[in-house]
Amino acid sequence: MTPRATQMRRLLLTSAAIVLGFAGSFVLADEKPKEHGDGPAAAYEPSMTTLGQIKVEIPGRKADDPVMTQEEFQKATTIYFERCAGCHGVLRKGATGKPLTPDLTRENGYDYLKNFITYGSPAGMPNWGTSGDLSESDVDMMARYLLLEPPAPPEFGMPEMMASWKLLVKPADRPTKKMNDIDIDNLFSTTLRDAGQVALIDGKTYEIKAVIDTGYAVHISRISASGRYLFVIGRDAKIVMIDLWMEPPAPVAEIKIGAEARSIETSKFEGFEDKYAIAGAYWPPQYVIMDGDTLEPKKIVSTRGNIYDEQTYHPEPRVAAILASHFKPEFIVNVKETGKILMVDYTDLKNLKTTEIEAERFLHDGGLDSTHRYFITAANARGKLVVIDTKESKLVAITETGGQTPHPGRGANFIHPEFGPVWATSHLGDESVALIGTDPDGHKDQAWKIVDSFPALGGGSLFIKTHPNSKHLYVDATLNPEASISSSVAVFDISKMKGDTDPEPVVLPIGEWAGIAEGQPRVVQPEFNKEGTEVWFSVWNAKDKESAIVVVDDKTLQLKKVIKDKRLVTPTGKFNVFNTRGDIY
Ligand code: DHE
């Protein structure tokens, strides 16, 4: 690492230590933390919105239970699942937030809980009361609620999955050749988050070829190895499988694999192309392997188990990113709370072999290096990157990024003029971009070390992107509290990067270019077209306001096209078919 980077890293680590120093301490009413709940990272905690809809009963009452009506209990459960469960866990056993089981909450008592919910804490608990997000009576209700036993949401096993499974068009009834004239390799499957749909947008003509209903608060799309089938998963754990050969492309199968989910992937190893799909759930904590042609569920595996280091039991370890290995017939499954990465061998589902790798807690997202051999993933709440060798199914390294809450998406691979092949992540908690060396053969000393770190626009970055044909690195700042920053993007010229000086970004005012009069749209997720000549950004506005997609010419950094259409409601992620299936980023 360069002296400049080392210095920067030390600085960042010191500020991280200051924040972490507060962890575990509680805040009294008269020492109100300032705006800690408004930070980008706090705004990005999981919201279990689907679970919030389930009907629950008050668990067996004890004599000294606080008074609570069934109606209040139901309302408090919805609030808890939507706003609290992301950090404190569905069963309140703790995740990134503290456990809130009645044995602990009763020790602290009602007044303490009420103050804590009202004012929050510098360790990251939002100030729900003083921010106005919860009314005084809601805070009172939540404090009473936390003194009661938590309700357990239902499991979701094979009977429930089979009941939800719909084979809309059997494989035998599907076309035997492509029936449309769409260049499907250059389609962008675009998440229309709050509409529960995806728009399939032509990468050349910018025409919307189809808008397809999917799950609620749809999250990501992934493509089968052949490029024919598109898989879309919603937060409600509903998967929709779309046949891109049909005229127009349309769903051929759907299924629900739980109550809350975020990830989907398909088998990519030679000989297994399009054979299996896999999806991971937040609730119940499990992953499911399905038939790649029909989505018929084949194997459900619970991720409940022991945390890798403490070796204590965790009842709800969520499944975060899932990737398919290119080197072995294996899926790579990130299990968030136990800090384990599972290499799931899909050659024999009856005698399932899984290599369980001890990694780090709170695994979230990640991607492959440019050779596709190494998987690099963020243990985001621990500020670390974990590197797995997918050829050997082994842990290679765990490295601190020096920044706060790395959030790479799938990351960005490029050749740095001094450090050779690197993979980059930006951060949610600060403005830094960290580069990790990825070439153990050619640049052995730098492999799996942070070789440089430099500032982009500001904290709140979610995604970073480049392409083998581009010399630019794009970094968003979607969750930055400043509107001018969250609507802009930083672009770095890779060819001018130096180890001893911070590269100066060009700032593109993407939001301004979109020309949207109302609302405060945020710019999110750069995604390249197939050729790597254009980069697309979502300009993500409120559901009832105009949104857009802005297309930038990668060579000139000039605006090329603003895509606007009434149907483009809350666009967020975009997945170019060619780049997504080939893991090109
Ligand atoms: Fe995501 C990827 C989880 C909020 C847009 N998001 C992922 C992945 C996970 C995840 C585990 C990796 C999937 C994989 O690779 O298999 N996301 C979560 C959350 O838990 C969280 C923080 C809160 C929640 O309740 O869901 C969350 N995500 C968001 C958003 O608010 C975003 C910005 C807008 C939206 O559409 O909801 C968002 N997440 C995305 C996108 C990707 C993603 C676009 C895929 C990026 C890529 O390039 O692959």
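Along the sequence shown, the residues carry numbers beginning at 1. In listed order, ligands and their atoms are each counted from 1.
Inter-residue side-chain proximity for Glu518 and Glu546 is flagged as unmet; no heavy-atom pair is nearer than 4.5 Å.
Polar contact check, Thr191 against ligand 1: no nitrogen or oxygen pair lies under 3.5 Å apart. On a distance-only criterion, Gln525 and ligand 1 share at least one N/O pair closer than 3.5 Å.
Of the protein's non-hydrogen atoms, Tyr44 O, 4.1 Å is the one closest to atom 21 (C) of ligand 1. Shortest contact from atom 19 (C) of ligand 1 to any protein heavy atom: Tyr282 OH, 3.6 Å. Protein heavy atom closest to atom 35 (C) of ligand 1, with residue, atom name and distance, is Arg193 NE, 3.3 Å.
Partner of Tyr308 under the side-chain hydrogen bond (donor to acceptor under 3.5 Å, both in side chains) criterion, chosen from Glu356, Glu358, Glu360, His314: Glu360.
Here Arg222 has side-chain heavy atoms under 4.0 Å from ligand 1, and that is the only part of it that gets that close. Contact annotation for Glu265 and ligand 1: no heavy atom of the residue comes within less than 4.0 Å of the ligand. If you look at Ile322 next to ligand 1, the close heavy atoms, those under 4.0 Å, all belong to the backbone. When heavy-atom distances to ligand 1 are checked against a 4.0 Å cut-off, Phe575 comes that close only through its side chain, counted from C-beta outward.
The aromatic rings of Tyr474 and Phe528 lie perpendicular to each other, with more than 60° between the two planes, well past the 30° mark. Relative orientation of the Tyr346 and Phe272 rings is perpendicular, given thresholds of 30° and 60° on the angle between their planes.
Electrostatic pairing of Asp365 and Arg410 does not count as a salt bridge here, judged by no charged N lying under 4.0 Å from a carboxylate O.
By the neighbour-count criterion of 12 heavy atoms within 6.0 Å, atom NZ of Lys93 is sparsely surrounded, having that number or fewer from other residues, nucleotides or ligands.
By the side-chain contact (heavy atoms from CB on, under 4.5 Å) test, Glu155 pairs with Trp283, Pro284, Arg304, sequence neighbours left out. Annotation: side-chain contact (heavy atoms from CB on, under 4.5 Å) contacts of Asp138 (sequence neighbours excluded): Lys75, Ile79, Leu134, Ser135, Met141.
Take a cut-off of 2.8 Å around atom 1 (Fe) of ligand 1: the protein N, O or S atoms inside it are His219 NE2.
Scanning Met48, Arg318, Arg235 for the heavy atom closest to atom 37 (O) of ligand 1 points to Arg235.
Ring to ring, Phe575 and Phe231 are not that close: their centroids are 6.0 angstrom or more apart.
The side-chain hydrogen bond (donor to acceptor under 3.5 Å, both in side chains) analysis of residues 315-328, with sequence neighbours excluded, yields the pairs Arg318-Glu337, His326-Asp583, Lys328-Ser393.
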